[in-house]
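Beneath this line is the structure, given in structure tokens, with notes to follow.
One is the number of the first residue; the rest follow in order along the sequence. Being a predicted model, the structure only gives us computed values, none of them experimental. All ligand and atom numbering here is 1-based and tracks the order in the structure.
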Amino acid sequence: MKIRNKLTWLFTAIIAALLLVFALVIYFSFSENREEEYYSLLRHTAITKANLLLDAKLPPSALQLIYHNSDNTLFQEEVAIYDTAFHLLYHDAVEIDKVKETRSMIDAIVNKKEIKFYQGAVQVVGFLYHHNNSNYVITAAANDQYGYAKLRNLKYTLALSFFVSIIIIFLAGRFIANKALQPVTSMVDNVKEITATNLDLRLNEGNGKDEMAELAVTFNEMLNRLERSFDAQKEFVSNISHELRTPLTAMMAELQLTVSNERTNDEYKNSIHHAISDAQKLVKLSNGLLDLAKASYDQTEINFKELRLDEVLLDARNDVIHDQNSYKVNIVFEKEIENDDFISVMGNEYLLKVAFMNLIENGCKFSEEHESTVAITYLNNTTILRFHDNGIGIDEKELPNIFTSFYRGENKQYVSGNGIGLSLTQKIIKLHNAEISVVSTVNEGTTFTVILPHV
Ligand code: ADP
């Protein structure tokens, strides 16, 4: 069921329930009022007749004549007067006799002073009447024809107004729901127009204040993020093709030039060395890209286990030195490790090693002595690793960009690389709910600080 219909039915049902309660309260309170009023009318009529009979000494036949000559005898209040010993003193019409008084009824009236009850549709009141030092038992009975007619009328009026109101409320509900959901409808139309090719389209944010505007703003923010990531991916792909093309072109040019003429053995060797170096660059790039893809996974897809960071660092150091034996890597503990937990983290061993290798390699790569030092320390909840080098440093204005994929700083002229090392490292660090920051001074050195939550 559409929200529009749900809202309409809900609105109608709530108002209908309220109206129904309202109508029932009116009906029953009117009905109770009618009953009470009619009992008191019966009582007054009976007292008036008793007074006419007992005070004004009007002959009973005169009263009976009046009773018989009324235009609607059937619904006239019929009065009977007894003494307390059940002797009939007066009766409006014995032949009609709406209520058959009995000894026990008279006794009940004497005892209780007043009784009220229904006999079929006829309302009966019986009461003890004190007059001139004597007690009389008076009964009065009649059918409240007008009262019931009014009650019926009220019932029909209430029922009719109830149904008419429900129809009006339903239509009003539909109108309100349509009006309230109209921005959603136009939002849906707008969203349908947005595809991968026109991600620059945005939703109308309306007055910018209500919930719909909030939804549109949130949606637009999501589109901004999507557009940025689409653009980043496009750029990423074009960067990759550029990065792949450069060593490939160099390799091909070199090899073509070599085979174009007869060469000496040394020249062939030289050329093959260049080709190997270019091929190594390609292998490094494709490994980096593969790692980047792995690190971009959902955290839940990656295998995490408890690791000792010093062991991972040692592994990373060995691998770096194995690739470049001129590199020097020092690992120092700034504090004594009293408990293994202080330097143990939940992490993915392979990815952390890749991240540490990148930081160590950069330190060695960008320093004249090809030396990098990793200092390990810890606080209450975190383990801190500082990767320091005394190298050429990074210009302050470049610092915000160094974690961007394929970004290479001004100092790239000194060493080779592909610009994905730090962006990969940052991704891995984030995957481990850790932080990475950098401080650098040109010609003095650089320190990358990684803060990981320990177990
Ligand atoms: P690459 O090292 O392949 O160029 P990275 O992503 O690892 O790519 O680093 C990006 C840039 O950050 C580098 O080109 C360099 O300019 C700068 N950089 C990173 N680490 C250091 C460092 N230890 N010393 C100086 N510059 C660095």
Next on the checklist: Donor-acceptor check, side chain of Ser344 to backbone of Asp340, threshold 3.5 angstrom: yes or no?
Outcome noted: yes
Item to check | Ring geometry between His454 and Phe342 (parallel below 30°, tilted from 30 to 60°, perpendicular above 60°) | outcome: tilted
Item to check | For Lys353, salt bridge (charged side-chain N to carboxylate O under 4.0 Å, His left out) partners two or more places apart | outcome: Asp319
Checklist entry - Ion pair present between Lys430 and Glu435, side-chain N to carboxylate O less than 4.0 angstrom? => result no
Checklist entry - Can you list the residues that meet the ring-ring contact (aromatic ring centres under 6.0 Å, His included) rule with Phe387, with sequence neighbours excluded? => result Phe356
Checklist entry - List by chain and number: which residues place a heavy atom under 4.0 Å from ligand 1? => result Asn362, Gly363, Lys365, Phe366, Asp389, Gly393, Ile394, Ile402, Tyr407, Arg408, Gly409, Asn411, Gly417, Asn418, Gly419, Ile420, Gly421, Leu422, Thr446, Phe448
Next on the checklist: According to ring-ring contact (aromatic ring centres under 6.0 Å, His included), does anything in residues 165-219 pair up with another residue at least two apart or in another chain? List the pairs.
Outcome noted: Trp9-Phe170
